[in-house]
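The chains referred to below are lettered A, B, ... by the order of the sequence lines, with proteins before strands, and numbering in each begins at 1.
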Number of protein chains: 2
Amino acid sequence: MITVLLVDDEPQILRAMSINLRARGYRVVTAADGTRALALTATEHPDLIVLDLGLPDIDGVEVIRRLRSWTPVPIVVLSGRRTGHDKVHALDAGADDYVTKPFGIEELLARMRAVTRRHGVREERPTVRIGRWEVDTAARTVRNAESEETRHLTKTEWHLLTMLVTRPGRLVAQRDLLTEVWGPTYVAETHYLRQYVGQLRRKLEDDPARPRHLLTEPGMGYRFQPEP
Amino acid sequence: MITVLLVDDEPQILRAMSINLRARGYRVVTAADGTRALALTATEHPDLIVLDLGLPDIDGVEVIRRLRSWTPVPIVVLSGRRTGHDKVHALDAGADDYVTKPFGIEELLARMRAVTRRHGVREERPTVRIGRWEVDTAARTVRNAESEETRHLTKTEWHLLTMLVTRPGRLVAQRDLLTEVWGPTYVAETHYLRQYVGQLRRKLEDDPARPRHLLTEPGMGYRFQPEP
DNA sequence: AGGCCTCTTGACGAAATCCCTACGCCCCGG
DNA sequence: CCGGGGCGTAGGGATTTCGTCAAGAGGCCT
């Protein structure tokens, strides 16, 4: 699992971005100022740092400089200022890429992927095997381990599947699945689960009628059983 | 262990919810007003806050706002008011989820699980040993400590077993088991207990006829005896 | 508008679980 | 010796829950 250190002085932004990144399978550590950012980089060894330049204690560019004195960890900079100066200074100091606010989460994710790839961060994607299929919940792809065959999953199918595979071996209660995927008003609609689990089995299980990885626990919920 | 800060101005509710949450393995800290809630958040570093909006000193939404100025800790809001305004204000201020009174404990627990999960709070596994079996009541798994063998328990079996293993070494009265698992109208149906305890023994005890961990206390109830 | 994809909803046989009855055992006191 | 209370085991019918087919509803792109 890839660890990202998020550095921003606004708690709301930290919160929103954390939720998004965790949903994509990243492990997220947050810091609200430069001091903590430097400390956490040392203790948590993040694979990637996403850094807002406007920090309360230390100037963002200075943070980059201090990091670069001892670690080559990739750094993606965020900044609200549109002037190019920041960008130049940040890149000079050793940042790897730069995103200007306001930005879409997809843009940030794309930059993060690009930077980690360039740095050869162990492409240890949070990929999961279901039979002969390789499921990458971060990239949202399913492809056959041998051939180049791929499977397409819909948004709802991904949501449901992610809920299951991120808790390998654990029972996930029907209630949890329904509230998370369809919303709290759907807690009683268990037939949605049957419907969509059935679809996932048809797309991913070798023998959909005898599932080996997407298991039913009658009356309780479902369980993703990883390969032994 | 996950620490939950419970904030509510009614002592009975605090007490009832504390008991329930502790039985599920949470560590619980309580506060009866906003001032204490803010102070305890700083000193106890809870992993999750469950907050009633109607507080005697500070408005609940204001409490959320003050918390959010410095911490991204997940917040689940409780409110008796049915109007949507509260909900919107609370979520705007930075709450993560919302439960309207009256609510079932299961619903609250589901929301708590969803929120802590989204925030990447790591849930420890209260795993219990019964002979050569390792029982994980959170994941709902039973697996052999040496081999990869597993045992499957049904919903009712899990319910009953959880009641026993969460009170290690203590006698659990027949009436308590029946009330909790089958409901208050079944307090006289002691043969259900014999039936299901028998099934659990066959699945978990080395010698079901001579149980060493799921013990009968004739006329009173049953007791889970942990390994020495 | 038309077609495609996805989500929602209904219906029904199949499977798993639960509920319930029956029966035998042990211990104890009458 | 007998009978009763409490316990453990077995088995089958009843009920709930599940899987799947099928089709309608709604959104989005062409």
Determine whether Tyr196(B) and Trp158(B) satisfy the following criterion, ring pair (Phe, Tyr, Trp, His ring centres under 6.0 Å), listing intermediate values before the conclusion. CA-CA 10 Å; Tyr196(B) 277 90; Trp158(B) 272 117; over 10 Å; no
Are the side chains of Glu205(A) and Leu214(A) in contact, using a 4.5 Å heavy-atom criterion?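 Yes. Closest side-chain heavy atoms under 4.5 Å.
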Answer whether the closest heavy-atom distance between the side chains of Thr3(A) and Val29(A) falls below 4.5 Å.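 Yes, side chains in contact.
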Between the protein and nucleotides 25-30 of chain C, which nitrogen or oxygen pairs are less than 3.5 angstrom apart?
none

Verdict with supporting geometry, Arg201(B) and Asp207(B), salt bridge (Lys or Arg N to Asp or Glu O under 4.0 Å): CA-CA 8 Å; Arg201(B) 283 175 179 153; Asp207(B) 183 355; over 6 Å; no
[X] (side chain) donor-acceptor with [Y] (main chain) under 3.5 angstrom:
X         : Y         : answer
Lys203(B) : Arg151(B) : no
Arg223(A) : Gly169(A) : yes
Arg212(B) : Gly131(B) : no
Ser147(B) : Glu149(B) : yes

Among Leu21(A), Val76(A), Asp47(A), Thr116(A), find the one that has a side chain to side chain contact (heavy atoms under 4.5 Å, CB included) with Val4(A).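 It is Leu21(A), the one option of Leu21(A), Val76(A), Asp47(A), Thr116(A) that forms the side chain to side chain contact (heavy atoms under 4.5 Å, CB included) with Val4(A).
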Heavy atoms within less than 4.0 Å of DNA chain C: which residues of residues 193-217 of chain A have one? Give them sorted by number.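 Within this stretch, Gln195(A), Tyr196(A) sit under 4.0 Å of the strand.
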Do any of residues 151-164 of chain B sit with a heavy atom less than 4.0 Å from DNA chain C, and if so which?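 Only His152(B), Thr154(B), Lys155(B), Thr156(B) qualify.
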Roughly, in whole Å, what's the span from [atom1] in [X] to [atom2] in [N]?
X         : N       : atom1 : atom2 : value
Leu178(B) : dC19(C) : CG    : P     : 11 Å
Trp182(A) : dT9(C)  : CH2   : P     : 12 Å
His191(A) : dT8(C)  : NE2   : P     : 9 Å

Considering just the side-chain nitrogens and oxygens of Gln174(A), establish if one lies under 4.0 Å of OP1 or OP2 belonging to dT16(D).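 Checking dT16(D) against Gln174(A), no side-chain N or O comes under 4.0 Å of OP1 or OP2.
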Val181(B) and Thr156(B): which non-hydrogen atoms are nearest, and at how many Å?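 Looking at all heavy atoms of both residues, the shortest contact is CG1-CG2, 3.9 Å.
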